[in-house]
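Okay, here's the structure, questions in a sec.
Chain A is the first sequence line, chain B the second, and so forth, proteins listed ahead of strands; every chain is numbered from 1. For clarity, every value in this text was computed on a predicted model and none was experimentally measured.
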Number of protein chains: 4
Amino acid sequence: MSGGTAVRGEGRERILAAATDLFARQGYEATGTRQIAEAAQVTKGALYHWFDSKQHLLICIYRDLLAEQTGRLASIAAGDAPVGRRLHDAVFDLVEHVAEHFEPLTVWARSTHLLDGEPAEAIRADRRRYHQMFRGLLAEGQEAGAVRRDVSASVMAHGFLGTVNNVHTWFGADGPLTHRQVGRQLAVLFLDGLRPPKR
Amino acid sequence: MSGGTAVRGEGRERILAAATDLFARQGYEATGTRQIAEAAQVTKGALYHWFDSKQHLLICIYRDLLAEQTGRLASIAAGDAPVGRRLHDAVFDLVEHVAEHFEPLTVWARSTHLLDGEPAEAIRADRRRYHQMFRGLLAEGQEAGAVRRDVSASVMAHGFLGTVNNVHTWFGADGPLTHRQVGRQLAVLFLDGLRPPKR
Amino acid sequence: MSGGTAVRGEGRERILAAATDLFARQGYEATGTRQIAEAAQVTKGALYHWFDSKQHLLICIYRDLLAEQTGRLASIAAGDAPVGRRLHDAVFDLVEHVAEHFEPLTVWARSTHLLDGEPAEAIRADRRRYHQMFRGLLAEGQEAGAVRRDVSASVMAHGFLGTVNNVHTWFGADGPLTHRQVGRQLAVLFLDGLRPPKR
Amino acid sequence: MSGGTAVRGEGRERILAAATDLFARQGYEATGTRQIAEAAQVTKGALYHWFDSKQHLLICIYRDLLAEQTGRLASIAAGDAPVGRRLHDAVFDLVEHVAEHFEPLTVWARSTHLLDGEPAEAIRADRRRYHQMFRGLLAEGQEAGAVRRDVSASVMAHGFLGTVNNVHTWFGADGPLTHRQVGRQLAVLFLDGLRPPKR
DNA sequence: AATGAATGAGATTTCATTCAT
DNA sequence: TATGAATGAAATCTCATTCAT
């Protein structure tokens with residue numbers, strides 16, 4: 001496409017890709033900047049030209065994914081369908097998204113607790129907003145009678161979101177199921193758990 | 001003569017306690033051996049007299065808890081009650097245990113991925129055995145018709161165990177619920193999700 | 001601006017010189033990296049920027065010397081002179097070289113047994129090749145009748161090379177001889193020992 | 001022989017044997033007191049009950065051997081035979097002794113330079129006396145015309161003693177010769193080198 | 001004759017980051 | 001846009017040795 005000239009950001013992309021890969025395989029802490037630079041075929045100096053810090057790298061990896069997740073949830077939540085239907089769609093959409101972006105989400109889940117400073121706080125606030133949207137949908141379901149009331153919406157939201165975000169600790173450990181199949185099974189399990197009890 | 005020296009045999013315990021506390025508050029990697037030794041009022045040399053390495057410390061912290069968890073599950077699973085009842089008890093017993101040992105379990109969940117070497121593998125194998133016991137109970141439930149068959153026992157086990165093991169990532173974030181309350185809500189949510197679908 | 005920073009590129013050389021000096025005076029193990037860095041007026045970080053490890057430092061010190069020794073022996077061995085003459089030249093050239101580089105060779109002889117890993121093996125293989133060249137010259141002498149046959153060429157080679165490499169253990173202990181004088185006496189002693197026995 | 005009761009010094013012997021073995025295989029510096037104690041099936045405390053220090057261990061290993069060597073040389077040197085004969089016997093006796101006590105002599109040769117303090121000085125003085133006896137025999141030979149005069153007796157003594165003491169660096173490296181065979185070849189090589197030159 | 005917990009100083013090495021060019 | 005030498009602080013761990021019992 002862009003022909004002979006160096007594509008803008010080529011180095012940056014390679015760094016991001018290498019970091020994602022290494023972080024996912026070895027963990028954030030066990031991966032050094034030197035190793036990232038080597039894997040990206042870039043000098044350490046170049047790495048610091050493009051990114052402020054190692055933390056910044058991790059934040060960049062997650063930021064776009066979170067924005068996309070948030071956008072998708074927002075558009076589903078704002079739809080016209082009955083709340084039960086929207087909840088169902090939101091859950092399935094999330095497991096789909098997670099299955100697609102397995103590696104970078106693993107990285108984030110494992111290492112977010114190591115980050116501090118302003119940019120880290122900002123993205124955690126974004127993440128909190130995502131959670132609130134999800135909880136809002138559940139609360140709406142509770143008001144409409146589609147979702148049980150004896151469990152707090154917050155616990156339900158955290159429970160499911162936490163499960164999904166931690167699939168990496170066990171996925172592939174046993175069984176032949178694909179990411180997507182596992183996701184769908186978790187989704188029905190959760191959705192059935194939400195139904196109001198008999199009496 | 002008097003006062004200066006610590007009581008004999010107490011050193012190991014104090015080290016373990018200090019490490020648990022610091023790991024929980026600051027994370028495993030952010031905590032240095034120097035800091036642990038200082039907090040335990042022990043020299044660094046004494047620390048390495050009792051423990052082979054920092055990793056070993058983390059493993060020791062978790063080993064006892066896992067053994068207790070496993071023993072409790074085994075005794076419940078081997079009981080006479082119908083499988084639905086035993087499953088119910090196992091789930092509630094687990095959330096109880098987790099609520100009691102919140103901090104060290106948090107440490108383990110966050111940092112297990114940093115461990116390597118033979119002792120780490122050994123304890124991961126133990127953990128795998130625990131999981132298999134839990135899954136076995138679910139499979140028994142499926143055979144008896146008490147648990148749905150359209151979701152694999154393995155996914156159900158991992159889903160619930162993963163949720164419980166990751167409560168630390170969000171507990172306290174919002175709401176005034178205690179550990180125990182949160183646990184119980186997660187338990188009913190999960191147990192209701194297990195019921196075979198109507199049709 | 002002026003004065004404070006060292007001349008560019010000099011760091012590596014200074015480190016090497018300081019290490020050679022300290023290793024020779026105190027021994028390899030008794031010399032710390034901290035001490036080397038201080039003597040070279042460099043930070044410990046810089047030391048590890050240029051060298052992988054303390055072992056690597058020792059290997060680098062020896063590598064150049066061995067290469068030079070090998071080159072000199074090769075050019076003598078490949079000459080046109082009769083083998084007796086070439087052997088004589090090789091022996092005197094070696095003692096000359098050893099006399100010139102007394103200190104670093106002392107360091108190597110004393111500490112080579114502490115080294116392991118791939119680079120150490122590589123240089124030991126080089127050293128083995130040097131030995132084989134020397135032994136080859138002796139074997140050639142045996143075939144030509146210039147060197148006795150009742151002692152194996154390998155033993156003759158090891159005997160002389162070992163003697164020369166271990167002069168450091170006793171040189172200076174008594175007597176006023178210079179390195180060069182001692183070397184020449186050892187050379188004639190050895191060469192006379194090589195002559196075929198009378199009968 | 002001694003029946004049921006523990007043999008006096010049993011622990012001490014085991015420690016000495018273990019230390020000799022480990023020092024020979026790994027080097028003095030690379031061997032820790034802990035490892036020695038384990039190999040001797042003794043606690044570290046017991047080790048320090050029997051020996052003052054790690055250095056002391058090394059000194060004890062060498063002391064008896066040196067005494068024996070010295071005694072044997074003294075009895076040969078004091079004999080009635082002509083000096084040429086006595087020299088011949090001394091040389092062959094030494095290579096015999098070295099072949100028999102290969103390992104502990106290796107240890108000493110490699111690590112003597114690390115020792116300091118009064119006991120180390122004492123044994124080094126003993127060793128110096130041994131050297132002087134040997135050199136004395138050579139000087140006697142020079143006076144009697146049996147040994148060349150163009151090489152200093154001191155260099156001859158150091159050269160041969162050094163060679164013999166450093167056989168460990170190469171023995172077994174190639175060839176199928178036994179310790180004893182190698183020793184005898186070195187002996188004739190040296191003795192032939194000693195003969196006065198033709199003219 | 002022997003134990004074993006404890007010491008304390010120091011070892012090598014790692015690593016994110018900076019900055020003049 | 002990129003380099004690469006250099007930093008400096010801290011990290012984990014080792015080890016000969018001691019001493020009350």
Confirm from the modelled atom types if A:K44 and E:dT17 form a donor-acceptor pair under 3.5 Å, side chain to base only.
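When only heavy-atom distances are counted, A:K44 does reach the base of E:dT17 through a donor-acceptor pair under 3.5 Å.
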What is the distance, to the nearest angstrom, from the OH atom on C:Y48 to the P atom on F:dA11?
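My rounded result for the distance is 18 Å.
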Return the orientation label for the D:Y62 and D:W108 ring planes: parallel under 30°, perpendicular over 60°, tilted otherwise.
parallel
Counting only heavy atoms from other residues, nucleotides and ligands, does the tally under 6.0 Å from CZ of A:R124 exceed 12?
yes
Take atom CD of D:E38 and atom P of F:dC15, then tell me their distance rounded to the nearest Å.
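It is 12 Å, rounded to the nearest whole Å.
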Please state how far atom CG in C:L114 lies from atom P in E:dT12, giving the value in whole angstrom units.
12 Å
How many whole angstroms separate atom CG of C:D52 from atom C1' of E:dT14?
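Computing the C:D52:CG to E:dT14:C1' distance gives 13 Å.
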Mapping D:S53 and B:S53 to their closest nucleotides on DNA chain F, which lands nearer the 5' end?
B:S53
Nearest to the side chain of C:T43 - F:dT7, F:dA16, E:dA16?
F:dT7
Would you indicate which nucleotide in F:dA2, F:dA5, E:dT17 comes nearest to any side-chain atom of C:W50?
F:dA5
To the nearest angstrom, the CZ-P distance between C:F51 and E:dT14 comes to 15 Å
Provide, to the nearest angstrom, the distance between the NZ atom belonging to D:K54 and the P atom belonging to F:dA16.
4 Å
What are the two closest non-hydrogen atoms of A:L58 and A:V107, and how far apart are they?
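Scanning both residues completely, I find the closest heavy atoms to be CD1-CG1, 3.2 Å.
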Distance check: side-chain N/O of D:T33 vs OP1/OP2 of F:dC15, anything under 4.0 Å?
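Result: no.
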Side chains of B:Q26 and B:T31: any donor to acceptor distance under 3.5 Å?
yes
Under 3.5 Å on both distances, the Watson-Crick or G-U partner of E:dT21:
F:dA2
Atom CG of D:L47 and atom C1' of E:dA2: how far apart are they, to the nearest Å?
12 Å
Nearest-nucleotide check on DNA chain E, C:G32 vs B:H49; residue mapping nearer the 5' end is B:H49
Write down the distance between CZ (A:F23) and P (E:dA16), rounded to a whole number of angstrom.
9 Å
Could you check B:G45 against D:G45 and say which one's nearest nucleotide on DNA chain E is further toward the 5' end?
D:G45
Name the pairing partner of E:dT12, where a pair is Watson-Crick or G-U wobble with both distances under 3.5 Å, or state none.
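Checking every strand shown, E:dT12 finds its partner in F:dA11, with both distances under 3.5 Å.
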Any side-chain heavy-atom pair from D:R12 and D:F51 closer than 4.5 angstrom?
yes
